[in-house]
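Here's the structure, in structure tokens; my notes come after.
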Amino acid sequence: MRIVFATDLSDANEAAIESRTCLECLDNIGVREVHLLTVVPDNVSSGLPGMEAATDAKEALAPQRRVFERAGFDVEIHVARGTPHRRINGLAERIDADMIVVGSRGQSPLRNRLVGGTVRNVARTAVRPLLVERIEKTPDGHAVKKEHLFRDVLYATDFSENAARAYDFFPALTGATERASLLHVGGGGDPGATGSAEERLDELATDLRDRMGIDVETNVRSGNPVEEITAEEERVGATATLIGARGTSRLRRLLLGSTAESIVARGTNNVLLVSPEATPTPR
């Protein structure tokens with residue numbers, strides 16, 4: 001697999017890159033080639049975070065490159081100028097990446113320019129699977145919130161075609177995922193619909209057990225989808241939430257849908273977002 005790893009050269013992103021467990025997770029799903037990218041906005045001439053001791057962005061990327069290389073990955077570095085989400089998605093398309101990885105600090109768009117800007121815009125326009133890796137502030141700096149990126153996956157589905165595309169990404173996680181939790185959030189008004197949802201989830205669970213040999217559980221909840229998904233993340237101890245986005249055009253910003261966008265912007269879990277144009281890569 002080939003990924004684009006987007007970094008703003010901050011301490012937070014360095015924490016994500018330097019996590020040995022996270023690197024092992026990427027290796028376990030078959031990532032071999034890493035394209036390390038930083039984007040210099042058009043309105044920034046100098047003074048990027050993390051660049052005080054470097055003469056240019058490529059020099060600033062060198063330590064992060066060495067971390068990936070020591071972990072056994074083939075690495076290329078890229079420096080681009082322009083709008084970050086356009087450059088990130090543009091590179092992913094140009095190199096035919098299997099996944100984009102971005103770090104996200106905090107929960108609030110008011111505190112986190114990445115959630116409020118770059119991450120959300122990458123998610124809205126991505127035509128490749130996007131992994132949003134949560135990073136939190138610690139007394140010693142920053143650290144990834146959940147290191148085992150794909151060990152416990154929560155798959156949230158409304159049984160739409162977009163959700164089915166996200167489900168099709170599961171085989172790419174073989175080797176890293178040990179347990180999956182399948183969730184449907186309904187309105188709670190029709191007991192028959194709940195029974196039907198349980199049956200459909202059971203079919204998916206059987207398929208995953210047979211194909212991947214992992215532990216799978218299912219659950220149907222009622223209420224607000226975002227609240228119920230985040231509650232289920234906590235209940236099952238998920239390390240990543242797998243969800244589909246909706247949209248049809250590469251020329252226009254994809255409409256994530258309120259649930260997917262809220263999970264990306266407000267959630268506390270790692271998120272693996274699969275857009276309609278994204279094609280999962282089988283192992």
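When reading the values below, keep in mind they use all heavy atoms of this one structure, side chains included, and skip hydrogens, waters and symmetry mates. Please read all numbers here as calculations on a predicted model, not as lab measurements.
By the neighbour-count criterion of 12 heavy atoms within 6.0 Å, atom CD of E234 is sparsely surrounded, having that number or fewer from other residues, nucleotides or ligands.
In this structure N269 satisfies the side chain to side chain donor-acceptor pair (under 3.5 Å) test together with K146, T241, sequence neighbours excluded. Under the rule for a side chain to side chain contact (heavy atoms under 4.5 Å, CB included), the partners of A163 that lie at least two apart in sequence or sit in another chain are Y155, T157, D158, S160. By the side chain to side chain contact (heavy atoms under 4.5 Å, CB included) test, A240 pairs with N270, sequence neighbours left out. Not a single salt bridge (charged side-chain N to carboxylate O under 4.0 Å, His left out) links R66 to another residue, sequence neighbours left out. By the ring-ring contact (aromatic ring centres under 6.0 Å, His included) test, H35 pairs with H78, sequence neighbours left out. Listed by chain and residue number, E69 satisfy the salt bridge (charged side-chain N to carboxylate O under 4.0 Å, His left out) test with R65 (two or more places apart in sequence, or in another chain). Applying the side chain to side chain contact (heavy atoms under 4.5 Å, CB included) test to N224 and every residue at least two apart in sequence or in another chain returns V226, E227. Applying the side chain to side chain donor-acceptor pair (under 3.5 Å) criterion to D96, with sequence neighbours excluded, gives R128. Evaluation of the salt bridge (charged side-chain N to carboxylate O under 4.0 Å, His left out) rule for E33 yields R2 as partners, not counting sequence neighbours. Scored by the side chain to side chain donor-acceptor pair (under 3.5 Å) test, E228 finds R221 as partners (sequence neighbours excluded). Remark: N89 pairs with T125 by the side chain to side chain donor-acceptor pair (under 3.5 Å) rule, at least two apart or across chains.
How far CE of M99 is from CG of L272: 5.5 Å, rounded to the nearest 0.5 Å. Remark: T218 OG1 to E199 CD distance equals 11.5 Å, nearest 0.5 Å. Residue I229 holds its CD1 atom at 4.5 Å from CD1 of I263, rounded to the nearest 0.5 Å. Separation of atoms CG (N219) and CD (E232) is listed at 4.5 Å; rounding is to 0.5 Å. With values rounded to the nearest 0.5 angstrom, N28 atom CG is found 9.5 Å from F150 atom CZ. Once rounded to the nearest 0.5 Å, the distance linking CG of L131 with CD1 of I29 reads 8.0 Å.
Residues I95 and L130 share a single hydrophobic cluster, defined by chaining ILVMFWY side chains whose heavy atoms lie under 4.5 Å apart.
Considering every non-hydrogen atom in both T7 and L61, the closest pair reads CG2-CD2, 3.7 Å. Contact between A197 and V220 at its shortest, heavy atoms only, is CB-CG2, 4.1 Å. Between L149 and C25 the shortest heavy-atom distance is N-SG, 3.3 Å. The two residues P84 and V39 come nearest to each other via the heavy atoms CA-CG1, 3.7 Å. Between L23 and A71, the closest heavy-atom pair is CD1-CB, 3.9 Å. Closest heavy-atom contact between A260 and G244: CB-O, 3.9 Å.
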Check: Does the pair D27 and R32 meet the rule for a salt bridge (charged side-chain N to carboxylate O under 4.0 Å, His left out), with working shown?
Finding: CA-CA 7 Å; D27 180 67; R32 298 293 177 263; 3.1 Å; yes
Which donor-acceptor pairs under 3.5 Å do side chains of residues 200-207 form with protein atoms, sequence neighbours excluded?
from : atom 1 : to   : atom 2 : distance (Å)
T206 : OG1    : D202 : O      : 3.1
D207 : OD1    : R211 : NE     : 3.4
D207 : OD2    : Y167 : OH     : 2.5
D207 : OD2    : R211 : NE     : 3.2
D207 : OD2    : R211 : NH2    : 3.1

